[in-house]
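Every value quoted in this text rests on a predicted model; they were computed, and no experiment measured them. Protein chains get the first letters and strands the later ones, always in sequence-line order, with residue 1 at the start of each.
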Amino acid sequence: METMDRYQHSDVEEKWRMAWEKVKLDTPDSTKAKKPFYNLMMFPYPSAEGLHVGNMYAFTGSDIYGRFKRMQGFDVFEPIGLDGFGIHSENYALKIGRHPMDHAAITQKNFYNQLHKIGSMYDWSRTVETYNPDYYRWTQWLFIQMFKHGLAYRGKAQVNWCPGCKTVLADEQVVDNSCERCGNAVKKRELEQWFFKITAYAEKLLQNSFSLDWANKVKVAQQAWIGKKQGINITYQVVDKLGKPLDREVVCFTTTPVNFAATFLVVAPEHPFVTDLVGKMGVGNPSQTALDKENIVRIGQYVDEIKKKTHQDRIIEGRKKTGIFSGLYALNHVTGDRIPIWISDFVLMGVGTGAIQACPGHDVRDFEFAMQFDIDIKRVVIGSDGDSSPISTREQVIEHGPGKMINSGFLDGLPFEEAMTKTMDYFEQKGWGKRVTTYHLRDWLISRQRYWGPPIPMIYCEKCANDGNSWFTTEESKKMSFPRKRESSLRAMDPRLRGGDKRVAGWYPIPEDQLPVILPRIEDYRPGDDGIAPLAKHKEFYETKCPSCGGKAVRETDVSDTFLDSSWYFLRYPSVNNVIPATEPGSSIQGEWTPDQVRGDKKGLLPWDPEITKRWLPVPMYTGGAEHSVLHLMYSRFVWMALRDWGYLDFSGEAGSRFAGDEPFTTFYAHGLVIKDGSKMSKSKGNVVNPDEYIVRYGVDALRLYLMFTGPFDQGGDFRDSAMEGMSRWVQKVWRMAQNIMSKHSMVSSATIKKSLHIAIKKVGEDIERRRYNTAISAMMELVNTVVDEGPPAGEAGGVMAVEDLKDFLKILAPFAPYMTEELYQMVNTSQYTFTKSSSIHFQPWPAYDEKLLVEDTVQIVVQVNGKLRDTVRLKTQDVRRKSDVEKAVKTSAKVAKYLEGKTVKKVIFVPGKLINFVV
RNA sequence: GCCAAGGUGGCGGAACGGUAUACGCGUAGGUCUCAAAAACCUAUGAGGGUAAUACCUCAUGAGGGUUCGAAUCCCUCUCUUGGCACCA
């Protein structure tokens, strides 16, 4: 019989792909949608290997949710694009010796080809590619807004330099002191760079994070990265060895001021105190006779040695402390002692103030240092063990926790924590210290000395710089309003920011109507070792006129960080066709664009349409990898908050939005990763699986189902070929079952089948909502088993299921297997002659289940004796509500009687409709 | 070191106070066939026990606790995976 044929996936997929495209199935109306739902998935960077099943796993999991929402009546917008600018893509282009522009054109074609075939409901009319000038025009615009609002500045700083990628990196891109891209050990270099003041939003980023509906591990990672600490900066008077006060102070940050135990101070080798010491205070300074020449020389040598070491070297050497005595002392306020000031590399310049008050009895690192250099150790806290003996081992060091103060004057007897608060109060009162809040979060380093990115849209004029002018001295600047108070206290905190407002002298943004600054096609795009960007070798690019004085000026030749590209892409998607005419894919990356070609928008003010944005954003459901916790997900929140504060995003009057537009992604779901042969899929492991061959062999639907069946979506799955075969068999089984049902034209389902169907409808809906796709699929398998088992044997699969019920089953399967279900659904609906959007299975309402059908006529009651299962008894549903009825019925069981014989029943536990337990 | 998430059959995993091992893979045996493929059927945690049913005991990383009842809740330990880390 014809209908018993196998499901021919490739024909079906091709057919529906075209039909859906024709009726624009996946393109919601951006301006009129009544129930907009923006189902966002992190856009991929087009890697060299192409799309692998790891990507497809994530995309499919996001897509199933989107399809489900659409069947629930939402206007679902599910966009896709490519994050193709940046080091990753450029490195690969360099490796294979192909120009990044050509490479981008090729990977875009390949990637989009693959993405067309994975069964996702992407709106192909609105894609975003970060390297297109009509996109990066606005990335540059964003940079300029940052600058104009005082959130972008030039900073000379010790920055992370990757010798492999030959560029600087943001702190977030350094993993284990190595480059997250290429793995090379990161070196410190002092360079002048552009920074974004993300630290101005540290507090808001932190506070909002607590109530975000996000994957917990991501929130925890962000909170840790922001690293808020409250403590006190204590100022110490420096004295010489005779106790004579010098014109020097050292400020130490501490969260735990156990000052009665402070027996020395330690400053970082990079600390200005040390620089002063070596430079000025030593030789030839008559007032500093206390310092001898030899000592100063030794200190200089030590500092030089430390500067030569990389961060990695310091770690390899372990925790063994090194250091040198400075020859000077500080006065301990509370003990009056003269305590030595040491110089050591275990104190980091970037943390706190770069100087600490060392309390070896109550800090393990200080303890180790004191042991090494034979410095006094004092105990001021008795811990929960009651030990009050002198501290001589590491284990005795009490850093925090419960405890009582001793040897601490006015603090004696107080609980540890309370004493710390009291100390801070006291120090502030005396004017010795000031409470401060510090953050681990650093400003975002934006500059990259690379080629493949948006040129930073800035111009530097030396003449203006000398005259003390910048954009901030222009009329335009004076007209700008700053709704947000500038947090100058924060700026002062960060040592990188010291140096005042001269940081932007001579700098002007490109006038906005001249954007974009097109990235020119150059052939010498390789990065150099010298920290000079490839564009800096091209006069025709950088030579320009000063927008202010009209004199000779130069363009910035660095490009911006990839994470700036991706920090706002979700704002662009819904408006792509509404603000600027779409460009032909691939045509725009040949470097032949002029600003006039991309400046085709009517409004010309914003990269997004305000009305559309208000309708679709914030993103209600964002799916992606947790590896971007402190990168993309933090940067996007920052950029969004800044844009809002500047008045570029308006969500006023939005009811029901959790943060009233305060946050870009109200929900973030972190998906798991696909494992193959015990490890994460990666090219270096050689275990990358390309979905293409599986799609050809088994069909997309089978592959989607298989991937989702491997485990809970947030935990990832294990890819195995043999299990893939099994899922393929199931797809065929469904096909055969459906054919059979259709040939029988049954009008009613058997009671068992009807019930199974409704159980499945309920379960699948609930499971999709909580993204337990694996159990949703098993529920459908159970239903199919029930239907097939009821059918006549002898190989003729398919039982008594009504055609209408089959449709409902197809609907709940549709988000998982979009092609086969459409094919079968259209076969069932033979009355439809022309295919329209509304006749597609994907626009059918999600089936409702009938609560009454879920109730069983009879219920299995579990009978336990002392909590152990002894029997199960099937009773009529109406008889299981009352304890006495059940008890009576159950006691007729011989098995139960056997266990109750000769025993006295002390207690009977009864769970209505479920269980009865005799305690004897 | 600190923080987070996890350890369940041969394997992926279900169940998340109430029949542990759903669903699937694998394996074994069978049906159909000249044969194979496909499909279908049966069995499948471990151990004991029976002629065969029956039945019994033990198993959710280890140990303890709470409870009538624990894979599930609590404590201690251990291992795995992720994040942070000489952060003062």
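- Sorted by first then second residue, the salt bridge (charged side-chain N to carboxylate O under 4.0 Å, His left out) pairs that include residues 709-722 of chain A, not counting sequence neighbours, number zero.
- Without hydrogens or angle criteria, H400(A) side chain to F416(A) main chain gives no donor-acceptor distance under 3.5 Å.
- Between T256(A) and Q732(A), it is Q732(A) whose nearest contact on RNA chain B lies nearer the 5' terminus.
- Heavy atoms of V862(A) sit under 4.0 angstrom from at least one base atom.
- Taking atom C1' on both C79(B) and U8(B), the two are 16 Å apart, rounded to the nearest angstrom.
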**OP:** Dot-bracket notation for RNA chain B is requested: 5' to 3', Watson-Crick or G-U wobble pairs only, both distances under 3.5 Å, with ( ), [ ], | and . as defined.
**Re:** (((((((..(((.....[..[.)))((((((.......))))))((((......))))].(((((..]....))))))))))))....
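- Shown for residues 707-715 of chain A: residues whose heavy atoms fall under 4.0 angstrom of RNA chain B, namely F709(A), T710(A), P712(A).
- Aromatic ring centres of F264(A) and F369(A): separated by under 6.0 Å.
- Taking the C1' atom of each, C41(B) and C55(B) are spaced 28 Å apart, rounded to whole Å.
- Spacing between G9(B) and A14(B) at atom P, rounded to whole Å, works out to 14 Å.
- With respect to R365(A) and E399(A), no salt bridge is recorded, no charged nitrogen being found less than 4.0 Å from a carboxylate O.
- Here V351(A) lies in heavy-atom contact (under 4.0 Å) with a base.
- The listed nucleotides are A85(B), A14(B), C86(B); the one nearest the side chain of L348(A) is C86(B).
- Comparing the C1' positions of G13(B) and U60(B) gives an interatomic distance of 13 Å, to the nearest angstrom.
- T786(A) contributes no side-chain N or O that, together with a main-chain N or O of S756(A), makes up a donor-acceptor pair within less than 3.5 Å.
- Contact annotation for D363(A): no contact, since no heavy-atom pair falls under 4.0 Å across all strands.
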Original post:
Stepwise, does the side chain to side chain donor-acceptor pair (under 3.5 Å) test hold for K733(A) with N785(A)?
Top reply: CA-CA 9 Å; K733(A) 191 174 182 177; N785(A) 286 347; 3.1 Å; yes
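- The side chain of M781(A) lies closest to C23(B), out of A4(B), C87(B), C23(B).
- By the salt bridge (Lys or Arg N to Asp or Glu O under 4.0 Å) test, D701(A) is found to be paired with no residue, residues two or more places apart in sequence or in another chain being considered.
- N785(A) comes within contact range of the sugar-phosphate backbone alone, with a heavy-atom separation under 4.0 Å but no base atom that close.
- Among the atoms of the strands shown, none is found under 4.0 Å from any heavy atom of R874(A).
- Minimum atom distance to the side chain of I909(A) is reached by C68(B), of the listed C68(B), G13(B), C56(B).
- Within residues 395-403 of chain A, no residue approaches RNA chain B, by heavy-atom distance under 4.0 Å.
- Across the protein-nucleic acid pair, L915(A) atom CG and G69(B) atom C1' stand 8 Å apart, rounded to whole Å.
- Under the salt bridge (Lys or Arg N to Asp or Glu O under 4.0 Å) criterion, E769(A) pairs with K69(A), not counting sequence neighbours.
- Nucleotides U66(B) and A71(B) are separated by 16 Å at their P atoms, to the nearest Å.
- The ring of Y236(A) has its center no closer than 6.0 angstrom to the ring center of F273(A).
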Between the protein and nucleotides 48-50 of chain B, which nitrogen or oxygen pairs are less than 3.5 angstrom apart?
none

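- Here G12(B) is in the anti range [glycosidic angle more than 90° from 0].
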**OP:** List the protein contact pattern of nucleotides 26-33 of chain B with one symbol per nucleotide (5' to 3'): B for base contact, S for sugar-phosphate-only contact, - for none; contact means a heavy-atom distance under 4.0 Å.
**Re:** S-------
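- C3(B) atom P lies 14 Å from atom CG of N216(A), rounded to whole Å.
- Taking 4.5 Å as the limit, some side-chain heavy atom of V784(A) sits within range of a side-chain heavy atom of F809(A).
- The gap from the C1' atom of U76(B) to that of G12(B) amounts to 32 Å, rounded to the nearest Å.
- Nearest nucleotide to the side chain of R736(A), out of G18(B), C40(B), C87(B): C40(B).
- Heavy atoms of E782(A) sit under 4.0 angstrom from primed sugar atoms or phosphate atoms, though from no base atom.
- Using a 4.5 Å cut-off on side-chain heavy atoms (C-beta onward), Q357(A) and D363(A) make no contact.
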**OP:** Could you encode protein contacts along nucleotides 76-82 of chain B as a string, one character per nucleotide from 5' to 3', using B for base contact, S for sugar-phosphate-only contact and - for no contact, with a heavy-atom cut-off of under 4.0 Å?
**Re:** -------
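- K378(A) contributes no side-chain N or O that, together with a main-chain N or O of T263(A), makes up a donor-acceptor pair within less than 3.5 Å.
- Ranked by how close their nearest RNA chain B nucleotide is to the 5' end, N917(A) and M727(A) are led by M727(A).
- Rounded to whole angstrom, the span from the CG atom of D767(A) across to the C1' atom of A22(B) amounts to 12 Å.
- For F713(A) and Y669(A), the ring centers are positioned less than 6.0 Å apart.
- Both tests hold for K321(A) against F346(A): distance to the six-membered ring centre under 6.0 Å, angle to the ring axis within 45°.
- One atom, NZ of K763(A), and another, P of A22(B), lie 14 Å apart when rounded to the nearest Å.
- Residues passing the salt bridge (Lys or Arg N to Asp or Glu O under 4.0 Å) test with K676(A), sequence neighbours excluded: none.
- Listed by chain and number, the residues in a salt bridge (Lys or Arg N to Asp or Glu O under 4.0 Å) with D767(A) are K763(A), R770(A) (sequence neighbours excluded).
- Using a cutoff of 4.0 Å between basic side-chain nitrogens and carboxylate oxygens, K228(A) and E203(A) are scored as salt-bridged.
- W730(A) is linked by a ring pair (Phe, Tyr, Trp, His ring centres under 6.0 Å) to nothing, counting only residues two or more places apart in sequence or in another chain.
- At the heavy-atom level, R772(A) lies under 4.0 Å from the strands shown only through sugar-phosphate atoms.
- Atom name C1', nucleotides A88(B) and G17(B): the rounded distance is 45 Å, in whole Å.
- Per the geometry, CD1 belonging to I777(A) stands 18 Å off P belonging to A22(B), to the nearest Å.
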